[in-house]
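Data block below; observations after.
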2 protein chains.
Amino acid sequence: MTASMKDVAALAAVSIGTVSNVLNNPQMVSPKTRDRVEQAIAQLGFIPNAPARQLRAGRSKVIGLVVPDIANPFFTEVARGVEDAAMEAGFVVILCNSDEQAAREDRYLRVLESQRVGAILITPARKGIKPLQRLIANGTAVALLDHEGGTRDACSVSVDDALGGQLAASHLIGLGHRSIAWLAGPPDIPQVADRQAGILRATEEHSVLLERIVAGQMTASAGDAAVDAALARGMTPSAMVCANDLLAIGAMRALMRAGMRIPQDVSIVGYDDIDFAASAAVPLTSVRQPKYELGFAAAQLVISEFEDRRAHAHQRVRFQPQIVVRESTGSVA
Amino acid sequence: MTASMKDVAALAAVSIGTVSNVLNNPQMVSPKTRDRVEQAIAQLGFIPNAPARQLRAGRSKVIGLVVPDIANPFFTEVARGVEDAAMEAGFVVILCNSDEQAAREDRYLRVLESQRVGAILITPARKGIKPLQRLIANGTAVALLDHEGGTRDACSVSVDDALGGQLAASHLIGLGHRSIAWLAGPPDIPQVADRQAGILRATEEHSVLLERIVAGQMTASAGDAAVDAALARGMTPSAMVCANDLLAIGAMRALMRAGMRIPQDVSIVGYDDIDFAASAAVPLTSVRQPKYELGFAAAQLVISEFEDRRAHAHQRVRFQPQIVVRESTGSVA
DNA sequence: ACGAGGTTTTGAGACGTTTCATTACTGGCC
DNA sequence: GGCCAGTAATGAAACGTCTCAAAACCTCGT
């Protein structure tokens, strides 16, 4: 059905080895035969059989991308970066959603091992990377995504969440706010903890009254409810930092319902700068993470490790977030 | 490095063929040897070499998913559905963003052909499916995603956009609205055209004044600008249907800026029911598409074609959208 | 004890590449 | 004309799996 190198060789009256050379080492075949072979390839519409190649090579130009949930806008953007870098280098991306479940993650790692993928990019569901050690030992290039490297056996790429928290708080302090509420999410999420640390760092040098509110989930309705409750018990900050944009949206709803104007009465800073932040009723000031770049860089890292394992040194790349100021924040009244 | 069937065979003192049978036809191996082999497998941590399998089989349990942009929430959800169905059947998904560019699409199709993937799910960048014919002829199971089948050579899975438009308009008509604005997007987008057709269908049986506004893009700011302009030239509908939720969000902003209340002065219906619709300043009534189900069904279709090509009959599956009523629509004053 | 008939197991070949040691050419030089 | 040193092209082996015809092993019944 599909043409193979054998067919090409026959048509060009040449040996299979020569066809292989035309494909992989063109410079070592004479221009005359090269032409002949290339013509045969075109005529037959020959396309190399990747699995055969992979079998021979022992591993493939495939990147396994394991994320908690591609539907999370953060990872969606990361995936785009990964894919673009991969395509550039002739790699292909296998998408794996772990749903934060160790079982699913394990299952996927098994599949990826079976596929003998050349590289894996993963945001691990659990702390350690034990299940990865075996892959690494077998020569798979691995990098940790949005996760600080707890190991010296792999690269890691992350965003400085503490800095992000600091930026958010400093922005408000610079505007004169001295009574700030921190709308946190579940404290067992490392990103939330880091952002909080950054906020503390920024506030400790100024006499700021910092109040902490905890939402049960990172959703708009959880934010709405948490702020509602806080208002009911008399909280009256002049500004608020939220652990992510969805919480911020919920917070805005609750505040507006209570008759407060944004930013005149309360300033709000979100986190993530999701697409929607700019389109909200009051465009949201937010901390943006270089998501695409994160994915792109991570992919480049594992690709370079794949290309030349000996010349590769594992590294920890840490990106810097950036605050995007919009209309939801203003000077204190 | 990695154990192969040969190693397993040696350890279990059995032939390679027997190991293969334990893996693929366990029932034709005596329990005793089967045990022995399984133990050897466990002991060596043997994981089958997928590329070798694929080489032998001629094609692989891989689904190539080609979409315009995974960052588009619609396709993100579709992808989740595809992935879940794939995983269930032991398939793996290769992610390909075409960016609506024919060149990128072609390139990916070439790569997928090279990988000898067993199935392809695609939202084609251009009208025809010429570049796919070759794949289909070679026995790849192909299905068109969110695209009506213009061919009898492949399955297709889509959502009835005309029905969606009709649902939106009927909802408003049912609330008593007789002066409705249709905020369209670029008319060369088929989905926009279909939704419009549905709106026309719904309105023609009632004496409704339908005004059409065209936004240059499907974004919040384009919607804001278009509605701004329409208001300036004196448009005063009591309700509005928008080609998607982002346009609706933009429209709401423009209307509120002009001092109108939603839904008291103007009712708004969006389309897509993106996550954010429920969290907007005024929660948005919107038309929801079964995105996850779309992807899941499409994947199942190609998987079944892969499993048994002869028993497979190509089909066109068409899903029905659903209107989700929230606070942005109300009875006419 | 033998053979028929059934159940297990074996072994070789093929899938499409790449690699690498050989062999076959080429032109230049004495 | 014969030889040398390159340069080009060849052919066989190997990667890990599956398949299928053939061989080996049982279990009965006679």
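Every chain is numbered from 1 and lettered A, B, ... according to where its sequence line falls, protein lines coming before strand lines.
In this structure, B/Ala52 and B/Gly17 both approach DNA chain C, and ranking their closest nucleotides by distance from the 5' end singles out B/Gly17. When each of B/Arg56 and B/Gln27 is assigned the nucleotide of DNA chain C with its nearest heavy atom, B/Gln27 is the one assigned upstream, toward the 5' end.
Between the side chains of B/Gln54 and A/Gln115, a donor-acceptor pair is found at a separation under 3.5 Å.
Atom CG in A/Asn138 sits roughly 15 Å away from atom C1' in D/dG16 (whole-Å rounding). Following rounding to the nearest Å, B/Leu55 (CG) and D/dC15 (C1') show an atom-to-atom distance of 9 Å. When the P atom of D/dC18 is taken as reference, atom CG of B/Asn24 falls 4 Å away, rounded to whole Å. Atom NZ of A/Lys61 is separated from atom C1' of C/dT17 by 15 Å (rounded to the nearest Å). In this structure, A/Met28 atom CE and C/dA21 atom C1' are separated by 13 Å, rounded to whole Å. As rounded to whole Å, 17 Å separates atom C1' of C/dT17 from atom CZ of A/Arg116. For the pair A/Asp7 CG and C/dC15 C1', the computed distance is 13 Å after rounding to whole Å. Atom CD of B/Gln54 and atom C1' of C/dC15 are 12 Å apart (whole Å).
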Please lay out, stage by stage, how A/Gln39 and A/Leu11 fare under the test side chain to side chain contact (heavy atoms under 4.5 Å, CB included).
CA-CA 9 Å; A/Gln39 209 168 315; A/Leu11 180 56; over 6 Å; no
Quick one, A/Phe296 with A/Asp84, criterion side chain to side chain contact (heavy atoms under 4.5 Å, CB included). Give me CA distance, side-chain angles, the key distance, then yes/no.
CA-CA 7 Å; A/Phe296 198 91; A/Asp84 284 351; 4.1 Å; yes
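Contacts of A/Leu23 with the nucleic acid, taken as non-hydrogen atoms under 4.0 Å apart, are absent. Nucleic acid contact for B/Pro48: sugar-phosphate only, since backbone atoms but no base atoms lie under 4.0 Å from a heavy atom of the residue. At the heavy-atom level, B/Thr18 lies under 4.0 Å from base atoms of the strands shown. Nucleic acid contact for B/Ser20: base, since at least one base atom lies under 4.0 Å from a heavy atom of the residue. B/Met5 comes within contact range of the sugar-phosphate backbone alone, with a heavy-atom separation under 4.0 Å but no base atom that close. Residue contacts shown for B/Val14 are limited to sugar-phosphate atoms, with no base heavy atom under 4.0 Å away. Contacts of B/Arg53 with the nucleic acid, taken as non-hydrogen atoms under 4.0 Å apart, involve only primed sugar atoms and P, OP1 or OP2.
At the phosphate of C/dT7, neither OP1 nor OP2 sits under 4.0 Å from any side-chain N or O atom of B/Ser30.
Other residues, nucleotides and ligands contribute at most 12 non-hydrogen atoms within 6.0 Å of the CG atom of B/Asp275.
Between C/dG11, D/dT17, C/dG16, one nucleotide has an atom nearer to the side chain of B/Ser4 than all others, and that is D/dT17.
Considering every non-hydrogen atom in both A/Ser114 and B/Pro51, the closest pair reads O-CD, 3.6 Å.
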